[in-house]
Amino acid sequence: MPASDPGPGLTPSWRVLARELVRISPAPHAHRVAVRAALAVSLPMAVLAALGRSDLAVYATFGAFAAVYGGGRRSSARWRLQATVGGILAAAVITGALLALSPYRGWLGIPLTAGWAALGAALSDRNRWRPPGPMFPVFAVATASAIPSTPATILAAAVVVIAAAALAVGLGLAEIAWTRLLNRPADPPAAPGPPMPSAARQRLHLIRCAVVVLVAGSIATGVGIGHPYWAMVAAVAPLAVFSLRGQVARGILRVAGTTIGLFLAAALLALGLPVWSNLLLIAGLQAAAELLVVRNYGLALVFITPLALVSVQLASPQPVRSLITDRFVETLIGVTVGVLAAIVTRNRETSRSGPAAR
């Protein structure tokens, strides 16, 4: 995202913001990430389906998210990042599943998720994660803490998420090994990203991520919506980028893309596809999302939304209408909280002088 805000006002100019919303960014090597992510998600789900344990598919999904880290450039540093994030995602799932033993998991999961949001934000800023931000750890711990568990469930969840993360890392290593076997030239170094936020802004960022999770999670849980973790994820999503303009645009794109994606999800769920057809559908949706997420975040959400809902239905079938309503309402709650936090805590100094940081 661009590293500057256009002016000192509370929101960027509408003309500049409009250009941000419709901009299609270049995404070299996105096809590699798409293939890697599709395999990392669909292969564990296929194994679980064959074993009759599709109820554990949600845990496999979180381990598979390690595949999307590091971008499409082949390098030895990429697998280290994927292994690190895979371990973090596994730890998030396990801590969430442990908390889910409690009958008060709904409310207790909110501060636990807020703590993980702060940790994920700090690690992302310090180690320059790509994609940035704590969204995936937040998603993992919040979802795992919301699913009632038993000691046996915790053990199964741990095995599944660790195995899926290991597969994701292995797929990345296999891609590098295949490239070397074919004697293909190494990828050029990636272009430098936005400037590193100052230590003060990094501290503010981790506090802000924790607070938006607390607020969005409390609102969604308090009004009795069925999937409060979607509100918590939506709250941290806008904060992953550096500029206020980018944060506002990301929030708008998340709402717009989710809304369109819900229509697609409703149509797909109405088909009543068998399990194996849904697995192929999930792989295709995951690939499409990764092909588009760097190009335009809103377009990617058109595919991410049905991906999430089809995955939920595969693991634990629910009434489609309530599922779609929950997703829409919680997205609105989370994005509103996240964008308001971005505006209130914007860097006024850099808004006046030029370069923006969180």
Side-chain angles (χ1 to χ4, degrees), residues 20-46 57-58 60-62 64-69 71-72 130-131 133 135-136 138-140 143 164 168 171 227 229-230 233-234 236-238 240-241 249-273 275-315 320 323-328 330-332 334-335:
E20 188 80 16
L21 294 174
V22 299
R23 183 162 64 92
I24 305 296
S25 302
H29 315 303
H31 61 287
R32 300 176 187 170
V33 185
V35 172
R36 197 168 67 227
L39 290 173
V41 167
S42 59
L43 291 178
M45 282 189 163
V58 65
T61 300
F62 294 125
F65 283 151
V68 308
Y69 281 84
R130 182 183 179 191
M135 188 176 70
F136 287 121
V138 164
F139 194 11
T143 305
L171 288 170
H227 303 81
Y229 47 86
W230 283 335
V233 172
V236 297
V241 295
R250 195 174 179 90
I252 294 172
L253 288 171
R254 188 167 187 95
V255 172
T258 296
T259 302
I260 298 171
L262 287 173
F263 287 99
L264 177 58
L268 293 173
L269 292 173
L271 297 175
L273 297 174
V275 170
W276 291 101
S277 296
N278 275 324
L279 290 175
L280 292 174
L281 178 62
I282 287 169
L285 290 170
Q286 181 70 59
E290 293 304 326
L291 285 171
L292 291 169
V293 69
V294 174
R295 292 179 167 90
N296 184 281
Y297 185 64
L299 290 177
L301 260 296
V302 174
F303 297 94
I304 291 171
T305 301
L307 168 65
L309 299 192
V310 171
S311 298
V312 166
Q313 287 296 79
L314 185 64
V320 173
L323 197 66
I324 289 175
T325 301
D326 287 353
R327 180 76 178 201
F328 179 72
E330 288 171 14
T331 297
L332 284 179
V335 167

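As the structure is a computational prediction, the values presented were derived from the model and not from experiment. We count residues from 1, following the sequence as given.
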Worked verdict on Val33 versus Val294 for side-chain contact (heavy atoms from CB on, under 4.5 Å) = CA-CA 11 Å; Val33 185; Val294 174; over 6 Å; no

Aromatic plane relationship, Phe62 with Phe139 - under 30° parallel, 30 to 60° tilted, over 60° perpendicular | perpendicular

Going by atom types alone, do Ser25 and Arg23 pair a side-chain donor with an acceptor below 3.5 Å?
-> yes

Qualifying residue for side-chain contact (heavy atoms from CB on, under 4.5 Å) with Gln286, from Ile304, Leu307, Leu291 = Leu307

Test item: Thr258 side-chain N/O and Arg254 main-chain N/O as donor-acceptor pair under 3.5 Å | yes

side-chain contact (heavy atoms from CB on, under 4.5 Å) between Val310 and Leu269: does it pass, once the steps are laid out?
-> CA-CA 7 Å; Val310 171; Leu269 292 173; 4.0 Å; yes

Say whether, by atom type as modelled, one donor and one acceptor occur between the side chain of Arg36 and the main chain of Ala67 under 3.5 angstrom.
-> yes

Would you say the side chain of Phe328 lies within less than 4.5 Å of the side chain of Thr259, judging by non-hydrogen atoms?
-> yes

Given side chains that start at C-beta, do those of Leu253 and Leu301 come closer than 4.5 Å, heavy atoms only?
-> no

Determine yes or no for a side-chain-to-main-chain donor-acceptor pair under 3.5 angstrom, with Asn278 supplying the side chain and Leu273 the backbone.
-> yes

Which atom pair, heavy atoms only, marks the closest approach of Asn296 to Val22?
-> ND2-C, 4.1 Å

Compare every heavy atom of Ala289 with every heavy atom of Phe303, then report the nearest pair and how far apart it is.
-> CB-N, 4.2 Å

Working to the nearest 0.5 Å, report the span between OG of Ser42 and CD1 of Ile282.
-> 8.5 Å

Taken to the nearest 0.5 Å, the spacing of Leu281 CG from Trp276 CH2 works out to 14.5 Å

Min side-chain heavy-atom separation Phe136-Val68 under 4.5 Å = yes

Report yes if some heavy atom in the side chain of Ser311 is under 4.5 Å from a heavy atom in the side chain of Val58; otherwise report no.
-> no

Nearest heavy-atom contact between Ala240 and Arg250 is CB-NE, 4.2 Å

Shortest non-hydrogen contact from Pro306 to Gly261?
-> CD-O, 3.7 Å

Closest non-hydrogen contact found for Thr305 with Gly257 is OG1-O, 4.2 Å

What's the shortest heavy-atom distance between Met45 and Thr61, and which atoms?
-> CE-OG1, 3.2 Å

